Asks: 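Here's a structure for you.
Keep in mind the model is a prediction, meaning the values are calculated, not measured. Residue numbering restarts at 1 for every chain, and letters A, B, ... go by the order of the sequence lines. Keep in mind that the numbers below use all heavy atoms, side chains included, and drop hydrogens, waters and symmetry copies.
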Protein chains: 2
Amino acid sequence: MQISSRFTIALHILTAIHTFKDKYRVTSEFLSGSVQANPVIIRNILLQLKAAGMVKIPRGRTSESITLLKKPEEISLLSVYSAIEPLESDTLFAFHKNPNPSCPVGKNIHSILDDRLLSVQKAMEDKLKNMKLSDILSDLNQLI
Amino acid sequence: MQISSRFTIALHILTAIHTFKDKYRVTSEFLSGSVQANPVIIRNILLQLKAAGMVKIPRGRTSESITLLKKPEEISLLSVYSAIEPLESDTLFAFHKNPNPSCPVGKNIHSILDDRLLSVQKAMEDKLKNMKLSDILSDLNQLI
DNA sequence: TAAAATGTAACAATTTATATTACAATTAAG
DNA sequence: CTTAATTGTAATATAAATTGTTACATTTTA
């Protein structure tokens with residue numbers, strides 16, 4: 001199974017908030033137009049980013065925009081990933097429930113794999129930690 | 001979303017095939033008893049491992065066991081992962097379809113993220129490549 | 001007070017994962 | 001040659017997760 005598109009949508013959203021901050025008023029409706037996804041999906045992702053302290057979302061009839069609360073170099077892809085992906089007990093790899101406890105393999109396989117697969121997950125997270133929103137923005141500036 | 005339990009079940013299966021090769025006759029029924037999952041699920045995973053050249057599955061009424069076709073040191077966790085996970089065009093991260101092509105962000109975000117997230121995926125795969133079935137077997141031998 | 005926007009709940013649709021049943025095909029034993 | 005044990009495979013059911021939609025209360029400004 002793939003990691004859900006909510007993560008890449010969140011990166012799209014953050015990129016758009018910064019890119020258009022001086023040109024347009026950025027609302028969930030505006031962002032929904034760029035992503036081409038339902039506004040409610042955008043709002044829910046925005047709420048998760050807000051809970052992680054990354055964005056400010058003005059309420060009511062305002063002329064303000066949704067804005068970043070951190071500098072792009074301070075927003076790592078890992079922090080976005082963690083804000084968005086509600087992994088069951090933070091583990092990337094799923095296990096079959098109830099392996100046979102009276103089998104020496106069934107009894108021990110879970111804890112053995114847990115340690116090893118956690119280190120795999122950590123390798124991925126380290127890579128995400130070293131990538132920043134600013135990297136994506138500079139990639140984008142090369143293209144537009 | 002998590003990576004499906006089929007991967008960890010496959011590791012359980014391979015571990016059991018090797019661990020019990022001299023003590024029991026290893027069949028899909030036997031493995032199903034250790035994993036405590038339906039025999040058909042075990043057989044389907046076994047067929048994927050067979051397609052990857054990792055196991056030999058005797059047919060019919062035989063006294064043979066299901067056996068490994070490679071040494072445990074030659075079976076990397078990456079090869080198991082690749083045999084089992086049918087990732088859409090081999091990409092771990094999913095994207096929202098149809099971002100707005102008339103928006104500079106919508107138009108370019110996919111290709112930018114593609115490159116960067118592929119390198120994240122590669123970091124994970126490198127880690128999996130350096131772990132072997134033999135590592136899991138020696139972890140297990142410490143415990144039994 | 002009305003209009004514009006967000007926050008949130010409820011629900012529908014779609015897709016994926018997991019489990020189950022059934023049976024044809026293969027092989028060995030009697 | 002027939003029976004029994006086992007795998008291969010299809011069809012279907014169940015459950016869970018993802019994505020999309022509608023509706024409306026809440027907040028704020030004009």
Asks: In plain terms, say whether K56(A) and E64(A) are close enough for a salt bridge, that is, a side-chain N and a carboxylate O under 4.0 Å apart.
Replies: yes
Asks: How close do S28(A) and I42(A) get, counting heavy atoms only, and between which atoms?
Replies: O-CG2, 4.0 Å
Asks: Taking CG from N38(A) and P from dA12(C), how many angstroms apart are they, rounded to a whole number?
Replies: 16 Å
Asks: Answer yes or no: is there a donor N or O on one side and an acceptor on the other, between the side chain of H12(A) and the main chain of H96(B), under 3.5 Å?
Replies: no
Asks: Over all strands shown, is I66(A) touching base, sugar-phosphate only, or nothing at heavy-atom distances under 4.0 angstrom?
Replies: sugar-phosphate
Asks: Let me spell it out: for each of I41(A) and T27(B), pick the nucleotide of DNA chain D with the closest heavy atom. Which residue's pick is nearer the 5' end?
Replies: T27(B)
Asks: Counting primed atoms plus P, OP1 and OP2 as sugar-phosphate and everything else as base, spell out the protein contacts along nucleotides 22-30 of chain C at 4.0 Å heavy-atom distance: B, S or - for each nucleotide, 5' to 3'.
Replies: B--BBBB--
Asks: Side-chain N or O of K50(A) versus OP1/OP2 of dT6(C): is the shortest distance under 4.0 Å?
Replies: no
Asks: In terms of side-chain heavy atoms of I57(B), which of dG8(D), dT21(C), dT18(C) is nearest?
Replies: dG8(D)
Asks: Mind calculating the distance between NZ (K97(B)) and P (dT19(D)) to the nearest angstrom?
Replies: 9 Å
Asks: Measure CZ/R6(B) against P/dT18(C) and give the value in whole Å, please.
Replies: 7 Å
Asks: Please name the pair of heavy atoms, one in M54(B) and one in V80(B), separated by the smallest distance, quoted to 0.1 Å.
Replies: CE-N, 3.8 Å
Asks: Taking atom NZ of K71(B) as the centre, does the number of heavy atoms from other residues, nucleotides or ligands within less than 6.0 Å exceed 12?
Replies: no
Asks: Quick one: which of I13(A), I17(A), T67(A) gives a side chain to side chain contact (heavy atoms under 4.5 Å, CB included) with V26(A)?
Replies: I17(A)
Asks: Measure from CG on L49(A) to P on dG7(C) and round the result to the nearest Å.
Replies: 12 Å
Asks: Taking the side chain of N44(A) as heavy atoms from C-beta outward, which of dA19(C), dT19(D), dT8(C) is closest to it?
Replies: dT8(C)
Asks: Between atom CD in Q36(A) and atom P in dG20(D), what is the gap in whole Å?
Replies: 11 Å
Asks: Send over the distance from E29(A) CD to dA4(C) C1', rounded to a whole Å.
Replies: 10 Å
Asks: With a 4.0 Å cut-off on heavy atoms, is L47(B) in touch with a base, just the backbone sugar-phosphate, or nothing at all?
Replies: sugar-phosphate
Asks: Whole angstrom is fine here: how far is it from CD in Q2(B) over to C1' in dA17(C)?
Replies: 12 Å
Asks: Quick one: label P39(B) by what it contacts on the DNA or RNA (base, sugar-phosphate, nothing), any heavy atom closer than 4.0 Å.
Replies: nothing
Asks: Other residues, nucleotides and ligands only: do more than 12 of their heavy atoms fall within 6.0 Å of NZ on K122(A)?
Replies: yes
Asks: Nearest whole Å is fine: how far is dT18(C) P from I42(B) CD1?
Replies: 12 Å
